[in-house]
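Note: hydrogens, waters and symmetry copies are ignored here, and every other heavy atom, side chains too, is used. Naming: A, B, ... by sequence-line order, numbering from 1 per chain.
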2 protein chains.
Amino acid sequence: MENKQTIHFASKPVIQSGYSIVGPKEATSLFAQYFDYKLKNDFFGEKTYEKAERKILEQAILGAVEKAAISINEVDAMLSGDLLNQIISSGFAARQFNSSFIGLFGACSTMAEGLALGAMMVDGSYFSRVVCATSSHFSTAERQFRYPLELGNQRPPTSQWTVTGAGATILGKDGNGPCITSATLGKVVDWGVIDVNNMGAAMAPAAATTLSTHFHNTKTKPEDYDLVLTGDLGKLGSEILVDLLEEEDFKLGTNYCDCGQMIFHKQDKTFMGGSGAACSAVIFNSYVLNKLQSGQYKKVLFVATGALLSTTSSQQGDSIPCIAHAIVVEANQKEKHHG
Amino acid sequence: MENKQTIHFASKPVIQSGYSIVGPKEATSLFAQYFDYKLKNDFFGEKTYEKAERKILEQAILGAVEKAAISINEVDAMLSGDLLNQIISSGFAARQFNSSFIGLFGACSTMAEGLALGAMMVDGSYFSRVVCATSSHFSTAERQFRYPLELGNQRPPTSQWTVTGAGATILGKDGNGPCITSATLGKVVDWGVIDVNNMGAAMAPAAATTLSTHFHNTKTKPEDYDLVLTGDLGKLGSEILVDLLEEEDFKLGTNYCDCGQMIFHKQDKTFMGGSGAACSAVIFNSYVLNKLQSGQYKKVLFVATGALLSTTSSQQGDSIPCIAHAIVVEANQKEKHHG
């Protein structure tokens, strides 16, 4: 018996708003005009980077609530996770909100994991409205996963640069926003990559597995979407993904794009591009939603990818288990009553 | 508007099996006869404690699958989290299973968080069958959160001892097992406790908040349950909980019990008792399910509690945000067809 990975949402949960906040480096991105808030300083008035990341996440959630023209008390649950040990950005941010907290860990796949679970909760009428959010911060990630910034360590050419920022999405039953129509929850895939400075290569097989499963289960092809968007494979990882899917006769064309590859400029010297849970979260909650709201995109396949390693697992010689979760978001073509 | 925290499951998802595995210290517990597997050595044949914890979790899942008399391929999704940075026990264990992986982080509340989400997924027909699991290991937790074991550090009298073990539950639509009938998803509560050696005091307000909300929303009282079981408040934390609820006119009587307080013997010198994600997971998946299956218990309120701190947040002077998720499990009183 084949186990089920793809879910169709009969009631088509609506994205009532999305909010993105980014750091100073990301503020010069190609997508800059779409971001809701750009930090001038990545301490954001706080004393530590960790407290700054927490505040960024709080602002993303409050911003999404405001854009949806609701009160924070009208949000039943907060689904959130981040890269920090014990997801402290999310756990501490949740203190500010009077809703159930559902802590997630999907590394950089968190935005898609949250949206898929949130869509189930709204579609199943378990909650009327949820917020799905995630954050990352270059300086918290760097010192937790790699080296102290003060060391001035050299970055290898396959490395990526963690995006500083946060994204939040309000999902509810009603409204005129884009709808989540299906989701494919990924399996953990590990092809034995042990180079922690080559996450793109580690994550590409997970993305390929989820995409291939999604295309098979939904009987769609890459060309059926206006945009197929992966999270943070970066330049190398997305090239590997294109190759892997070609072996399965799925051709990713000019409608395919990777957030990690696109978010920074070449002159930013980020090598393979951006990474981090916020990398896809800020682009999804800005550019992608904007194009769906305007009707320029009718159907988007969003696939956030995550590497489920820790410094401990790497130090013990383990390879990098990876995951990718996919959701389909479509421009709203149905009549919906406001809640 | 009051936001919703309590969910009723119309279809009453069935617990098709539960499996518990414990370390050598836990093997002498009062509950010993109910545990499925007792380790003689907490390395479990592995070279590191982290790899041992991973193997323990894998065995819990495989054991639950076997007890449910199904194949692992009949499990659509694995919902799991643990205490280790980036939930590596869960992420690595997931490599062994051919199902979607939904990574959670709820610290020691994970068993209840997973069961609540799993019940939504089965009740909403998003998945036919899921496994909800969690693990903890004294030696991985100790060196990650506190001190190297080799230091022989003195333990303060308010401390608790992380349980080595794992629990896994198979949830599905059909069968004769106990049913999950409702869940109350907790909010993050932080009363400012900063003593990382007094988790019971930190978590008690979260447990009180969730229980009080649950009793209000379901119009029930503590005495309506054969057992009200908290996760790992320990001796001090559970006394605080009793006091806090008494202030709200809910009286926890002799039907109230805390897994942390009960799991070890006094001569084990664990001070306030057990803790860790596995503490409640192994008792829920052994003793509690046994009593529900035999009909000795008709209705159990299971409330797992979690402390959402990290060493980084503590080092930065932050207090300890806590959470508690509750589920109601009832003995099966309905006719159900086998799937």
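- Under the 3.5 Å distance criterion, the side-chain polar atoms of B:Glu50 are left unmatched by any main-chain donor or acceptor of A:Thr312.
- If you measure heavy-atom distances from B:Gln316 to chain A, the contacts under 4.5 Å come from both the backbone and the side chain.
- B:Ile194 CD1: 12 or fewer foreign heavy atoms inside a 6.0 Å radius.
- Taking a 6.0 Å sphere around OH of B:Tyr147, one finds it holds 12 or fewer heavy atoms contributed by other residues, nucleotides or ligands.
- Both the backbone and the side chain of B:Ala94 come within less than 4.5 Å of a heavy atom of chain A.
- Most heavy-atom pairs under 4.5 Å with chain B, from the set A:Thr140, A:Thr184, A:Asp190: that is A:Asp190.
- Looking only at heavy-atom pairs under 4.5 Å with chain A, the residue among B:Asp318, B:Ile87, B:Ile323 that has the most is B:Asp318.
- Taking 4.0 Å as the cut-off between side-chain N and carboxylate O, B:Asp76 and A:Lys4 do not count as a salt-bridged pair.
- To the nearest 0.5 Å, the span separating CG on B:Asp123 from OG on A:Ser125 amounts to 10.5 Å.
- The choice from A:Gly91, A:Cys322, A:Ser310, A:Gly124 that makes the most heavy-atom pairs within less than 4.5 Å of chain B is A:Ser310.
- For the pair A:Gln86 and B:Leu83, the tightest heavy-atom approach, listed with the atom from each and the gap, is NE2-O, 3.0 Å.
- Ranked by non-hydrogen atom pairs under 4.5 Å with chain A, the options B:Leu308, B:Ile88, B:Ile320 are led by B:Ile88.
- For the atom pair B:Lys51 NZ and A:Ser313 OG, the distance stands at 8.5 Å (nearest 0.5 Å).
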Exercise. What's the verdict on side chain to side chain contact (heavy atoms under 4.5 Å, CB included) for A:Gln96 and B:Val188, showing C-alpha distance, side-chain angles and the deciding distance?
Worked result: CA-CA 9 Å; A:Gln96 308 300 324; B:Val188 171; over 6 Å; no
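- Across all non-hydrogen atoms, the minimal contact from A:Phe127 to B:Met120 is CE1-CE, 4.1 Å.
- Rounding to the nearest 0.5 Å gives a distance of 10.5 Å between OG of B:Ser109 and CD1 of A:Ile102.
- A distance of 12.5 Å separates NE2 in A:His8 from OH in B:Tyr126, rounded to the nearest 0.5 Å.
- Of the listed residues (A:Phe97, A:Phe9, A:Phe92), the one with the most heavy-atom contacts under 4.5 Å to chain B is A:Phe92.
- Of all the heavy atoms in A:Arg95 and B:Ser319, the pair that sits closest is NH1-OG, 3.4 Å.
- With a 6.0 Å radius and a threshold of 12 heavy atoms from other residues, nucleotides or ligands, A:Glu66 has its CD atom at or below the threshold.
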Exercise. Run the side chain to side chain contact (heavy atoms under 4.5 Å, CB included) check on A:Phe105 and B:Leu104 step by step: do they pass?
Worked result: CA-CA 5 Å; A:Phe105 186 80; B:Leu104 306 177; over 6 Å; no
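- Of all heavy-atom pairs between A:Gly103 and B:Glu113, the closest is O-OE2, 2.7 Å.
- Interatomic distance, CG of A:Leu185 versus CE of B:Met78, reported as 13.5 Å (0.5 Å rounding).
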